[in-house]
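Below: the structure, in structure tokens.
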Amino acid sequence: IEDEQDLPRPPPPDFQANNRPKSGSKTPLTPNDVHYGKTLGEGSFSRVVLGTHRRTGQQYAVKIIDKNYLIRMKKKETALAEKNALVQLGAGHPGIVRLYLSYQDAYSLYFVLDYAPNGELQTLLTRLGSLCLPCVRHYTAQIIDAIDYVHQKHVIHRDLKPENLLLDEDFRLKLTDFGTSKVLDPSGEQRKSTFVGTPQYMCPELLESSTTGPSSDLWALGCIIFRMITGRFAFNGLSDYLTMQKIKQMDYSFPEGVDGHAKDLIQKLLVPNPSERLGAGTSGSNNDIQALRSHPFLVSIKWDTLWTDEVPARE
Ligand code: ADE
């Protein structure tokens, strides 16, 4: 690209900081407090670099989004969606990447986020193949707890996948990348959507009727549990088209030896009708999120200490 910016670089003095940190923090973080270091990851129109607070040494992940690219690719909504969702979610949950500060200069948008030093769940899965049962159970519970919070805040993530689940210093999960998320107006559940996600984790309603709702995230959860436990995709064809065909036809099967309760849970999430997925009912109904939390696969989970208990060894 001809005018590719030479990032990272410190913001010029004319930056506009437009998102004050949440109440409770002592000194407000400002763009010039942060030293911009090595690149942690690169997307098609963004780069994530390691940010270090010059005085305290506190580390952050700074997502730097190229404005030119956003405008050229008509992706302004993506950046806005991400910021709106992160602002809406606030500092309220340990399983969600927190936005500390956002600002912009003439070239880029900057999001200062929680840094997750152990990378993506995806990388761990690639390295280990599958995860052991206690670990799958713990991560399943952490994902449920995080998406319950997200949904309570009227946000749908819509692109849940192991690449968007980061691992913090203690290998606890942190949900990230709200670029395709949607902040719901309190009225509507299912919404028309132009969004196209990652094929392997896409829900049938998106393929059939271009709608998504909170229970689209529950479908993705089913695909993620399948992936963690078997090391394989639930739905995967030789092309994206064939993957989507498999999803529409519910063409998936379990390998030998999958834990019975885990299998049952996956089967109750990978249900074509969004309202019939386990946990999809409204609060207080017999299919609400509590029904999902109480599934036999998760009986040994201590929900009160889910984010302080040690994560079982990854093996
Ligand atoms: N890559 C993308 N976002 C990240 C984050 N928050 N922490 C570490 N690496 C990342």
Side-chain angles (χ1 to χ4, degrees), residues 5 7-9 11 19 21-22 25 29 31 33-54 56-67 69-70 75 78-104 108-128 139 142-143 145-147 149-150 153 155 157-181 197-198 201 217 220 224 307 311 314:
Q5 299 304 322
L7 297 171
R9 55 187 157 51
N19 185 44
K22 314 297 165 283
S25 47
L29 184 69
D33 293 337
V34 181
H35 166 80
Y36 301 84
K38 67 173 181 185
T39 297
L40 299 171
E42 259 164 317
S44 43
F45 55 95
S46 68
R47 169 184 299 200
V48 179
V49 305
L50 182 63
T52 309
H53 194 287
R54 294 178 197 280
T56 65
Q58 172 77 39
Q59 292 183 308
Y60 300 98
V62 186
K63 184 165 181 174
I64 305 171
I65 305 172
D66 182 35
K67 279 193 191 177
Y69 189 97
L70 277 187
K75 292 276 186 204
T78 307
L80 257 181
E82 178 155 22
K83 189 184 152 192
N84 289 344
L86 286 167
V87 168
Q88 178 106 345
L89 295 168
H93 199 280
I96 294 160
V97 161
R98 176 180 166 189
L99 177 69
Y100 292 86
L101 171 71
S102 71
Y103 52 93
Q104 55 182 301
S108 307
L109 306 177
Y110 299 75
F111 295 157
V112 180
L113 304 161
D114 274 320
Y115 171 53
N118 283 308
E120 298 172 0
L121 177 61
Q122 167 64 23
T123 313
L124 191 69
L125 282 169
T126 308
R127 192 162 75 230
L128 300 178
Y139 281 160
Q142 289 198 331
I143 300 167
D145 203 59
I147 62 178
Y149 176 82
V150 169
K153 293 284 179 185
V155 175
H157 187 282
R158 304 200 299 180
D159 197 18
L160 272 184
K161 54 182 173 179
E163 293 88 327
N164 289 337
L165 291 161
L166 302 178
L167 301 161
D168 76 3
E169 59 279 15
D170 301 310
F171 281 89
R172 297 185 182 109
L173 291 183
K174 274 196 192 290
L175 179 55
T176 192
D177 202 348
F178 287 81
T180 48
S181 70
T198 309
Y201 301 91
D217 290 340
I224 296 169
W307 298 96
V311 177
R314 279 73 50 203

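For this chain, numbers begin at 1 and follow the sequence in order. Whatever order the structure lists ligands and atoms in, that order sets their numbers, starting from 1.
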Sub-4.0 Å heavy-atom contact, D114 with ligand 1: yes
So is G41 close enough to ligand 1, meaning a heavy atom under 4.0 angstrom away? no
Need the ligand 1 atom indices (1-based, order shown) with element for anything under 4.0 Å from a heavy-atom of Y115. 7 (N), 8 (C)
For ligand 1, which atoms, with element, lie under 4.0 Å from some heavy atom of A61? 4 (C), 5 (C), 6 (N), 7 (N)
Test item: [X] side-chain N/O and [Y] main-chain N/O as donor-acceptor pair under 3.5 Å:
X: Q142; Y: L173; value: yes
X: K63; Y: V112; value: no
X: Y149; Y: P94; value: no

Give me the nearest non-hydrogen protein atom to atom 2 (C) of ligand 1 as residue plus atom name, then the distance to 0.1 Å. V48 CG2, 3.6 Å
Of L166, L167, D168, D170, the residue whose pairing with N118 passes side-chain contact (heavy atoms from CB on, under 4.5 Å): L167
Below a 4.0 angstrom heavy-atom separation, can you tell me which part of L113, side chain or backbone, both or neither, approaches ligand 1? neither
For the residue pair H93 and W307, categorise the inter-ring angle as parallel (less than 30°), tilted (30 to 60°) or perpendicular (more than 60°). perpendicular
Do F45 and L70 have side chains that get closer than 4.5 Å, going by heavy atoms? yes
Out of V97, L166, L40, whose heavy atom sits nearest atom 4 (C) of ligand 1? L166
For ligand 1, is there an N or O atom under 3.5 Å from any N or O atom of A116? yes
